[in-house]
Structure formats: structure tokens, C-alpha cells
Amino acid sequence: MTSAIPPGFPGTAAAAGIDLEGRTALVTGAGSGIGRACATALAGAGAHVHVVDIDAAAAGAVAGAIGGRAHVVDLAQAAPVEELPAEVDILVNNAGLQHVAPLTDFPPDRFELLQRVMVHAPFLLLRRTLPHMYARGWGRVVNISSVHGLRASAYKAGYVTAKHALEGLSKVTAVEGAPHGVTSNCVNPGYVRTPLVERQIAAQAAAHGIDADRVVAEVMLGRSAVKRLIEPEEVAAAVLWLCGPHTGFLSGASIPLDGGWTAA
């Protein structure tokens, strides 16, 4: 089973040829994983990036590395979300968390927390940033959904519910934003090599009573035709492409980066 970016993958900076000079982006969960890769790619294309994360050290490190601005925010709390910058041209709703448990044992407070972070916070950010996008006649909303926004898996009631809701929110944004030059799309990766997935491996091992290697091979990659984890930079490349000059007619879509999972 391979585990790295394929040989010849050019990376976001070389692959895109996209100029975002003068644009401002806001990326949630940008302190690590997919969010960090997206912030780095957007900054590499010339955008000024607001790096939003609950981890102050991580947000500061990413912002320092890309010349962005760090914002330490708990997205489960509405008040600080309402204080984030409104003058944003590109919004990447990426922040997320996971809890693995049978539906009958799923803690209601954890279920609610997942909805607040992955549905309510994106909703609040859209209300805050869309007026600026509408006024400029251009905007890009990219929601980092998941293959679990299109399919379900056992033991993930909170996550699957949240991602399905994010898909609906993205489509409404696409319909309402179209007259104003704003597109909204979801990127739907399978299992990406991130700290979140590393924690999921351990949780799934406990839930299924199997070891970590079997979780990756049988649970995570069992449905995937491509037998490797996705790298964050591969997701970021898709996000950057959606912000480019040739995707203005692509809106309301869900783009699977799932190694063929949903094709089978």
C-alpha cells in the first residue's frame, strides 16, 4: 500500500498558474492538515490569508510561515465567529472534528458540538462574508466536506450528519450567490493523512476491536480503489483550482477526491 503523493505531483504552486493577488481568504482549521495546506496554497497564489484555528501556536506558526494573520477562535462559540473579518473574497470552511461511537451510545453533547463547528459556524461565516463578495461581484466558497457528505459509515452519526448538512448549505449558497458572481462548492476527500485521521484510526480500532493496520486497510481503504491515504496538498490543489479563472461556471457541485470510493 503506497502512502505518499505520487511521483511527479507538481504541488499547488506549480500546478495552478492562478493569480490571487489582491484577494483575501479565510481558512478555518488552518493550523494543521488540510487547512494548513489550503492556507499555504492560497498564499502561494498571492492571497492574503486569515488563518483561523483553536490552537494558538499552530495558527501563529502557519500565519508566520505564509505572511498571513492568525485568529484564535473556538468555532463552537458563536460570538467570536461573528468577530472574524468580513471583507473576505475566498472562504474555506474546513474546520472539523470527529467522534466515533455506535448511534445508541453517541453522546448528545458531542453530536451537538459537531453540528456547531461544521454547520453552524460555516453558516455564520457565510452570513458575515457574503455581503462583501456580493459587493465586489466575485467570491469563492469552498466547503471541505467528505466522502461522508455523500455516503454513510457506521459509528459516525455526528460527522455524517454534519457533512450532509454542509452539502445542503453549500448548494443554497451556490443558488443565492450566482447572480453576484459567487460560486460555492464542496470538495469531498476520502481519508486524508491528517491528525484527525490519525485519531480516527485509534478510535476505529477500539470500536471494531481490531489493530490499527487493519483499520487502515479494511475500514478506511476497503471501499477505495486507490489504496493509499490522500495527502493534504492534493486536497489543497483542488481548492485552489476552484478559486481560479476557469471555474466560474462550476457551482453547487461536490467533487469527490475519494480514490474511486463512490464509483464502486
Measure across [X] and [Y] and return the closest heavy-atom pair with its distance rounded to 0.1 Å.
X	Y	answer
L97	R110	CD1-NH2, 3.6 Å
L125	L84	CD2-CD1, 3.8 Å
H148	S153	NE2-OG, 2.6 Å
A238	L257	CB-CD1, 3.9 Å
L20	C243	CD2-O, 3.7 Å
L166	M118	CD1-O, 3.8 Å

Checking the side chain of [X] only, and the main-chain atoms of [Y] only, is there a donor and an acceptor separated by less than 3.5 Å?
X	Y	value
K227	A217	no
N188	S146	yes
E83	P80	no
R193	I230	no
D258	P189	no
T247	L242	yes

With side chain to side chain contact (heavy atoms under 4.5 Å, CB included) as the criterion, how do L126 and L91 come out once you've worked through the C-alpha distance, each side chain's angles and the decisive distance to 0.1 Å? CA-CA 8 Å; L126 284 164; L91 173 63; 3.9 Å; yes

Do [X] and [Y] come close enough that some side-chain heavy atom pair is under 4.5 Å?
X	Y	result
R140	V182	no
R69	H71	yes
P85	R128	no
N185	V141	no

Taking only Lys NZ, Arg NE, NH1 and NH2, and the carboxylate oxygens of Asp or Glu, determine whether [X] and [Y] approach each other closer than 4.0 Å.
X	Y	answer
E167	K163	no
D89	R136	yes
R223	E218	no

According to a 4.5 Å side-chain heavy-atom criterion applied to Ile, Leu, Val, Met, Phe, Trp and Tyr, with indirect links allowed, do [X] and [Y] form part of one hydrophobic cluster?
X	Y	value
V172	L250	no
V235	V62	yes
L130	L26	yes
V160	F106	no
V215	V147	yes

Going by the side-chain contact (heavy atoms from CB on, under 4.5 Å) test, name the single residue among V49, V142, V51, V88 that passes it with V27. V49

Please assess R199 against Q98 for the test side chain to side chain contact (heavy atoms under 4.5 Å, CB included), listing each intermediate value before the final yes or no. CA-CA 9 Å; R199 291 191 292 270; Q98 180 63 278; over 6 Å; no

Just checking, is any N or O donor in the side chain of [X] or [Y] under 3.5 Å from an acceptor N or O on the other one?
X	Y	answer
S170	S184	yes
T161	Q115	no
T24	H50	no
T28	N93	no

Compute the centroid of each ring, for Y159 and then for H99, and state whether the two points are separated by less than 6.0 Å. no

Atom pair [atom1] ([X]) and [atom2] ([Y]), whose distance is rounded to the nearest 0.5 Å:
X	Y	atom1	atom2	value
C38	I144	SG	CD1	4.5 Å
I54	Q77	CD1	CD	8.5 Å
F111	L113	CZ	CG	11.5 Å
N143	K171	CG	NZ	10.0 Å
W138	H180	CH2	NE2	16.0 Å
H48	E87	NE2	CD	11.0 Å

Criterion side chain to side chain contact (heavy atoms under 4.5 Å, CB included) on V92 and I90, from CA distance to verdict: CA-CA 7 Å; V92 181; I90 298 165; 4.1 Å; yes

Between Y191 and W261, how do the two ring planes meet: parallel, tilted or perpendicular, split at 30° and 60°? parallel

Check the pair D105, Y155 against side chain to side chain contact (heavy atoms under 4.5 Å, CB included), reporting the backbone distance first and the verdict last. CA-CA 9 Å; D105 297 328; Y155 308 120; over 6 Å; no

